Protein chains: 2
Amino acid sequence: MSILAIPKYLEIKEQIIDEIKGKPVNSPISSERDLAIQFDASRMTVRNSINELVEEGYLYREKNKGTFVADKKLIKKNTATEILQSYDSNDYSIIYFSFKNAEDLEFDITPFLELDEEDSRVLRIVRLNKTEGRPSSVEEVYFIKSFVSDEDVKNLRNLLNLNHLIVNGSVTQRFHPVIIPAQYANLLKLKINIPVIMIESTIRSMNGKPLVYIRAYNNPFEKTIEITS
Amino acid sequence: MSILAIPKYLEIKEQIIDEIKGKPVNSPISSERDLAIQFDASRMTVRNSINELVEEGYLYREKNKGTFVADKKLIKKNTATEILQSYDSNDYSIIYFSFKNAEDLEFDITPFLELDEEDSRVLRIVRLNKTEGRPSSVEEVYFIKSFVSDEDVKNLRNLLNLNHLIVNGSVTQRFHPVIIPAQYANLLKLKINIPVIMIESTIRSMNGKPLVYIRAYNNPFEKTIEITS
DNA sequence: CAGTGGTCTAGACCACGCT
DNA sequence: GCGTGGTCTAGACCACTGG
């Protein structure tokens, strides 16, 4: 290796991505042995790059035949990552926030955040996400109070950047069909009594400890929930 | 290697799974170097095993620290695999099936199966899935007629085994909130006018060709749709 | 037959954490 | 300073495909 901070296999991965952008679906890429020569790397290093690209849905392998460019529409997507996008675009308004006692909420949050009597206060933030200026979802975000610093409260947008929590943790999502709550129908500019999907998300650290709980009410006319695997 | 048909890294993987079953969450497993000695394998082979277990959510790594047993509730799940379960359990009834012209359906199926004038007939099967005897979902399954053999029509349950298509292909799913259609409310023993999630799935081969299109209406009281990533 | 991906080895150096 | 996972090398043999 060299002094570079970026591993060689990630550089190779990026170069392969660039190369296949100009290639038709189902066309073969060079063989692993050829790529190893081309990139002056060992075959195992090239395989590491290709493995990740296969995992992410950019390529697929056929044993004894070769490695081929996958259809772009097969690239793996996951609803969990959609949460990130609302951060990336940063296109949202904070409607409301306050600290609450768990017992004052309309539902029992304690199982989701594994709260106990010692630690039963949460920070509740309601935000309205937009795509291209139109309201796409309302999210109720719940943080455990002891997880939130005074600094965070002053900078909620920083706190609401859940990206690093997600990439270093685990996200479980449950999908519930519900009639849109009246107060959110208004925010989302929807008629009352229409069905929407409420996504309940729990973000946990790798050791299983819950960090954040989210209820998202999605505007079905703005964003279809889609996953590819 | 030896004469064994099963690769060593898969054997090691199974042994690691067995070992961690008795270990508490977040406890460390042996280091890769120790495991290599223990299993009489090279470290790269052990890493291959562990990589898959991490990918599947059984273990997690911490750089410079070790590899640890992950929380079982964090094991990665995907709604696509739920389709398999309805096959595995085999607990379903076929309500109806017939060949249809694409233009005779209530909606335009041609974009989903990429049909053309030459090949515009489909086999439509409606099945009622059950869990523990209770109705959990109604699925409308659409196959391209030219994809279905006479043999298949005689053995629909074999055709409806979508397992091999999914593991060798790609699944895209879209989630739609809808009011349960009246004819399905009856089948699912639901009241009319309640909201449910309709999952639209397209199974494609690796080269992107659509093979099967499915509309599933899920009974929210029997099965919560959940994914972990 | 040559070429492919799949598996495997026995080393190596690195950055980082912990004691 | 020792142990960890992360990266990397330069080989090797296998089963299988396709000309």
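Reminder, nothing fancy here: chain letters follow the sequence lines and each chain counts from 1. None of the values given here were measured: they were computed from a predicted structure.
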Keeping B:Asp108 on the side-chain end and B:Thr110 on the backbone end, is there a donor-acceptor pair under 3.5 Å?
yes
With a 4.0 Å limit, can you tell me whether A:Arg43 has a side-chain N or O closer than that to the phosphate oxygens OP1/OP2 of D:dG11?
no
If you compare every side-chain N and O of B:Thr67 against the phosphate oxygens of D:dG5 (OP1, OP2), does one of them come in below 4.0 Å?
yes
Give the C-alpha distance, both sets of side-chain angles, the deciding distance and a yes or no for side chain to side chain contact (heavy atoms under 4.5 Å, CB included) between B:Arg124 and B:Leu105.
CA-CA 10 Å; B:Arg124 177 178 187 269; B:Leu105 296 172; 4.0 Å; yes
Checking contacts here: which listed nucleotide (D:dT9, C:dA10, D:dC13) is nearest the side-chain heavy atoms of B:Ser42?
C:dA10
Would you tell me if any nitrogen or oxygen in the side chain of A:Thr45 comes within less than 4.0 Å of OP1 or OP2 on D:dT9?
yes
Can you check whether A:Asp40's main-chain N or O pairs, donor with acceptor, with A:Lys8's side chain at less than 3.5 Å?
yes
Roughly, in whole Å, what's the span from CG in A:Asp34 to C1' in C:dG5?
13 Å
Any base atoms under 4.0 Å from B:Asn51, or only sugar-phosphate, or nothing? Heavy atoms, all strands.
nothing
Rounding to a whole Å, what distance do you find between A:Leu10:CG and D:dC8:C1'?
13 Å
Within the sub-3.5 Å range, which N or O atoms of nucleotides 16-19 of chain D have a protein N or O partner, and how far apart are they?
residue: D:dC16; atom: O4'; partner: A:Asn64; partner atom: ND2; Å: 3.2
residue: D:dG18; atom: OP1; partner: A:Lys65; partner atom: NZ; Å: 3.4

Ion pair present between A:Glu32 and A:Arg61, side-chain N to carboxylate O less than 4.0 angstrom?
yes
Which nucleotide in the set D:dG6, D:dC8, D:dT9 lies at the smallest distance from any side-chain heavy atom of A:Tyr9?
D:dC8
Expressed in angstrom and rounded to an integer, what is the separation of A:Ile50 atom CD1 from C:dG5 atom C1'?
9 Å
Toward the 5' end of DNA chain C, which comes first, A:Met44 or A:Glu62, by nearest nucleotide?
A:Glu62
Considering residues, nucleotides and ligands other than B:Asp116, do more than 12 of their heavy atoms fall under 6.0 Å from its CG?
yes
Determine: side-chain N/O of A:Arg47 to OP1/OP2 of C:dG6, distance under 4.0 Å, yes or no.
yes
May I ask you to verify if any side-chain N or O of B:Lys8 is less than 4.0 angstrom from the OP1 or OP2 atom of C:dG6?
no
Would one find a side-chain N or O of A:Ser31 under 4.0 angstrom from OP1 or OP2 of C:dT4?
yes
Whole angstrom is fine here: how far is it from CD in B:Glu11 over to P in C:dT7?
13 Å
Any side-chain N or O of A:Arg61 less than 4.0 Å from the OP1 or OP2 oxygen of C:dG6?
yes
Evaluate the side-chain proximity of A:Thr172 to A:Arg204: yes if any heavy-atom separation is below 4.5 Å, no if none is.
yes
Classify the ring geometry between A:Tyr142 and A:Tyr213 as parallel (under 30°), tilted (30 to 60°) or perpendicular (over 60°).
tilted
Would you say A:Ser49's side chain and A:Tyr9's backbone share a donor-acceptor pair under 3.5 angstrom?
yes
Round to a whole Å and report the spacing from CG of A:Asn48 to P of D:dA10.
16 Å
How close or far is atom P of C:dA10 from atom CD of B:Glu32, stated in whole angstroms?
17 Å
Starting at atom CD of A:Glu52, determine the distance to atom P of D:dT7, rounded to an integer number of angstrom.
8 Å
